[in-house]
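Here the structure comes first, spelled out in structure tokens, and everything after it is commentary.
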Amino acid sequence: MKDKKFKQTITLMVAAVTFAGSLVVWLNVDANARAANSSRNSRIRAIRFLTHSSRSLWKISQERQLLVAYQEIGALKKLEQAYALMMTEPEQALPYRLAQERLQAMGGALKNMGKILTPPYFLLPAEQIDFFKFYLDLYYVPAMEQLQWQELQRKEAAFWTEKSEKYTLGVTILAVAVFLLTLSMTISGRIRWLAAGTGLSLVFTVIVFCVLTLLRSYQWPPRDSIRGFSLASGRMLQALNWKLASFFDQAAQASDEALTHLHRTLNRSPDYSAALQLRAMARSNRGEALLFGSGPSAESRLELEKAIADWQAAFKQEKADGFSLWNCGYAQFLAGRYVDACRSFRQALVLLPEQRFGLGINLAVCHLFSGQRGEAEKWLAESIRHAAAHPLASDPIYFRAAIANFGRFRELFPKSGIEILEMRMKEAFVAIAYLNRSDPIACAAELSPLIFIQPQYDSQGNVKRWLERADFSLQVPRVNYLYYCRNMQAGLQLVQKVYWRGSGMVLWREQSTLAKTEIWSGPPKGKFGWTVDFPLPGAGQGLAAGDFRVELFVQGKLLSSGEFRVR
Amino acid sequence: MEDEGTHEPLKIAISILIALTAVTGALISWQASRMGSRAASLDSDAIRAALENANTEMSIAADMAANQSAYQSYVLHRLNADILHDQFMNQPSLPSTTIDEWQREVSRANVYRNQLSQDYLRAGDEGEFFDADKFQQAMRAEAASQKPLDAAPFSAQADAQRRRLRFFVAMSVGLTAALFFLTLALQLPSTGRKIWTVVGVLLYGGIVLLTVWKSFS
């Protein structure tokens with residue numbers, strides 16, 4: 001009788017567990033359906049993003065063509081005006097004036113053909129054109145918004161897939177529980193109670209587990225927050241652009257504007273992890289801009305500390321990816337937390353082994369600043385070796401940015417010994433580009449410092465003598481210089497690199513159009529001359545105002561340099 | 001012993017009902033599975049439509065750029081030609097090469113005009129203009145007449161299928177509840193047995209009716 005009662009109870013329990021199991025199956029089906037919907041929507045968003053990108057990039061190229069035509073007409077108009085002014089007789093000037101009229105009308109006609117020649121991108125009276133704003137408005141900000149929607153939809157799909165997997169696990173455990181309960185009906189003795197007890201415990205565990213899973217929900221940020229994120233992304237790109245152009249005040253201002261959008265967004269949606277990461281980036285950018293622009297200060301340090309705090313909060317919300325760790329490490333490095341920065345860079349390197357070039361440079365500087373010079377040189381050599389072996393792992397933009405940053409670090413922290421790394425980077429850049437290897441080829445050549453000279457002409461227009469000087473007038477189309485050399489050999493590769501720093505700029509920017517190279521065919525020693533030439537001398541323009549630095553490399557080795565100024 | 005003998009037919013009926021419930025559950029699950037497949041197929045259709053739309057938009061953008069470029073050159077050469085002509089008429093002192101230049105400009109304008117999609121070159125208050133909006137609308141309409149370009153209707157249908165799928169699976173859950181009540185009835189003595197049998201039958205009947213109604217709605 002007791003056995004019958006037991007079996008009846010267990011039979012009922014099995015039926016009840018089957019009912020519970022079917023409920024879990026329903027939850028699983030629901031989660032699966034939501035995951036499928038979100039996954040489809042995410043793919044459609046991705047396709048829309050590509051559609052938007054393609055359409056707007058066509059449009060931008062079309063508007064750029066319009067702009068070029070307008071600028072060409074403007075230049076021709078000025079030329080006609082100059083010719084007209086040169087003529088002494090009105091009849092002689094007439095064709096030029098008429099040409100000017102025609103060009104005026106053509107320029108006017110172009111203004112009606114696109115957005116780029118209308119406000120807010122075209123600002124009168126100076127006819128200043130803000131093409132970057134046009135790019136941001138037409139392409140970048142809407143693209144970021146599409147991409148953000150796609151990303152959020154993808155995350156939603158992943159969320160529901162994870163839930164579905166948990167329910168599947170629940171159903172599987174319930175099946176085991178049913179097996180144990182059924183088993184308890186066919187056996188006797190203590191083991192029967194063990195089987196039944198285990199089965200019931202599993203059922204209880206699954207119920208708790210499924211209820212906890214059910215209570216978790218996916219939070220979509222409001223539409224305004226997504227818009228705010230996209231606008232902030234646009235301002236961040238602007239800040240980056242200013243930073244690359246070495247205008248740090250403007251970079252800090254653009255980062256500030258990004259932060260305004262992001263504070264508002266995060267006030268509305270504190271769990272919006274992408275916005276939190278972007279705020280960390282914006283703070284880091286602002287801190288860097290303040291540091292690079294005006295030197296170390298309490299304000300820059302505070303901003304960088306806030307950036308680090310944001311990164312740490314973001315890593316609690318979402319597992320850190322390689323690029324986030326890299327960015328966090330950079331903020332830690334700028335804030336002077338070298339040990340933390342090295343750790344972040346190493347963690348990033350584990351996740352991003354293909355980024356050995358960039359991360360290696362960061363690790364090198366970080367070790368140098370923390371007093372480990374040997375480690376620093378090891379990492380730099382490793383980074384350069386990687387760049388030489390993997391052409392896709394490095395690019396001229398990154399090389400130039402790293403060299404420019406090294407230059408600024410040298411000015412900000414003079415005793416750091418950074419100049420060795422800076423020189424090594426410059427030589428590696430030349431060796432990889434011109435010699436197809438990671439380091440210079442040893443040679444005995446020696447060069448003196450560069451001597452800049454200016455010709456003095458006689459009344460016939462012939463060069464009377466050369467004057468040594470370091471200042472040249474604005475728009476000078478060519479600057480000559482001399483150097484003494486010895487131990488030169490035929491076939492050695494000579495490379496000239498030129499850097500420029502305009503008024504108000506902090507970083508030296510390499511001027512790739514002023515670079516030159518030649519294979520040595522002269523005698524082993526003597527006095528030689530070379531020039532820094534504006535690429536298009538007949539255009540009536542010349543070198544821009546600012547400081548210029550010229551460097552000469554022989555077989556990839558930096559052997560000489562000099563500076564001059566254009567006022 | 002007596003009780004069991006009296007209720008033997010009811011027990012058999014309950015057993016048959018249990019079997020029927022299981023078969024109905026299997027049928028509903030089969031329907032639900034078909035809906036899942038249909039929803040997945042509609043998802044693919046939605047993505048295909050989005051891709052077709054992307055392809056169309058990219059073609060339109062490329063054609064638009066070509067037309068705009070031709071239009072820009074056409075306008076500039078035409079304008080230059082017109083002004084040159086006026087200048088030559090008003091300034092007899094101009095050299096005769098002016099008229100040669102005018103002819104060259106007219107020829108160039110003509111070349112670019114021929115590059116344009118002529119249907120969209122319209123006459124306006126300020127002369128001819130290229131109607132870019134109409135051009136794009138026509139290109140889109142032409143593409144849409146050959147293949148679906150809008151993902152939204154397919155997505156909506158897929159969502160609807162998944163809502164039905166959830167409903168059908170919910171009915172399966174209801175059937176397992178009915179199964180539970182019938183099993184309970186089988187285990188209990190006479191009065192309880194009858195009550196739980198009625199509950200089980202009512203639940204089963206309700207679910208079957210709801211499922212049939214939903215299948216044809």
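Note on naming: letters A, B, ... go to the chains in the order of the sequence lines (proteins, then strands), and numbering restarts at 1 for each one.
Between F19(A) and F180(B), the distance separating the two ring centers is not shorter than 6.0 angstrom. You'll find the ring centres of F122(A) and Y70(A) inside the 6.0 Å limit.
Heavy-atom distances place no part of R48(A) under 4.5 Å from chain B, backbone and side chain included. When heavy atoms are compared at a cutoff of 4.5 Å, L175(B) does not approach chain A at all. In this structure, chain A has a heavy atom under 4.5 Å from the side chain of A151(B), while its backbone stays farther away. Of the atoms belonging to Q161(B), not a single heavy atom falls under 4.5 Å from chain A. Using a 4.5 Å cut-off between heavy atoms, Q87(B) contacts chain A through its side chain alone, with no backbone atom that close. If you measure heavy-atom distances from L79(B) to chain A, the contacts under 4.5 Å come from the side chain alone. The part of E101(B) that comes within reach of chain A is its side chain, from C-beta onward, which places non-hydrogen atoms under 4.5 angstrom from that chain.
Using a 30° and 60° split on the angle between ring planes, F181(B) and W196(B) fall in the parallel class, below 30°.
Contact tally against chain A (heavy-atom pairs below 4.5 Å) for A132(B), S73(B), A32(B), A62(B): the top residue is A62(B). With chain B as the partner, the residue from L66(A), N112(A), L50(A), L57(A) showing the most heavy-atom pairs under 4.5 Å is L66(A). Per-residue counts of heavy-atom pairs under 4.5 Å with chain B were compared for E91(A), K7(A), R55(A); the largest is that of R55(A). Contact count against chain A (heavy-atom pairs under 4.5 Å) is highest for L84(B) among L84(B), N55(B), T56(B). Per-residue counts of heavy-atom pairs under 4.5 Å with chain B were compared for A69(A), A20(A), G114(A), S54(A); the largest is that of S54(A). Here L110(A) is the residue among N41(A), T18(A), L110(A), V25(A) with the most heavy-atom pairs under 4.5 Å with chain B.
Between D159(B) and R163(B) no salt bridge is recorded (no basic side-chain N to carboxylate O distance below 4.0 Å). Look at R154(A) and E151(A) and you find a salt bridge, because one of the NZ, NE, NH1 or NH2 atoms lies within 4.0 Å of a carboxylate O, short of that distance. Between R34(A) and D30(A) a salt bridge is recorded (basic side-chain N to carboxylate O distance below 4.0 Å).
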Could you walk me through whether Y121(A) and E63(A) pass the side chain to side chain donor-acceptor pair (under 3.5 Å) check?
CA-CA 11 Å; Y121(A) 312 113; E63(A) 295 269 347; over 6 Å; no

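Within the 3.5 Å criterion, the main-chain N or O of F49(A) finds a donor-acceptor partner in the side chain of S53(A).
Contacts of W160(A) classified as ring pair (Phe, Tyr, Trp, His ring centres under 6.0 Å), with partners at least two apart in sequence or in another chain: none.
Of all residues in residues 98-107 of chain A, those placing a non-hydrogen atom less than 4.5 angstrom from a non-hydrogen atom of chain B are L98(A), E101(A), R102(A), A105(A), M106(A).
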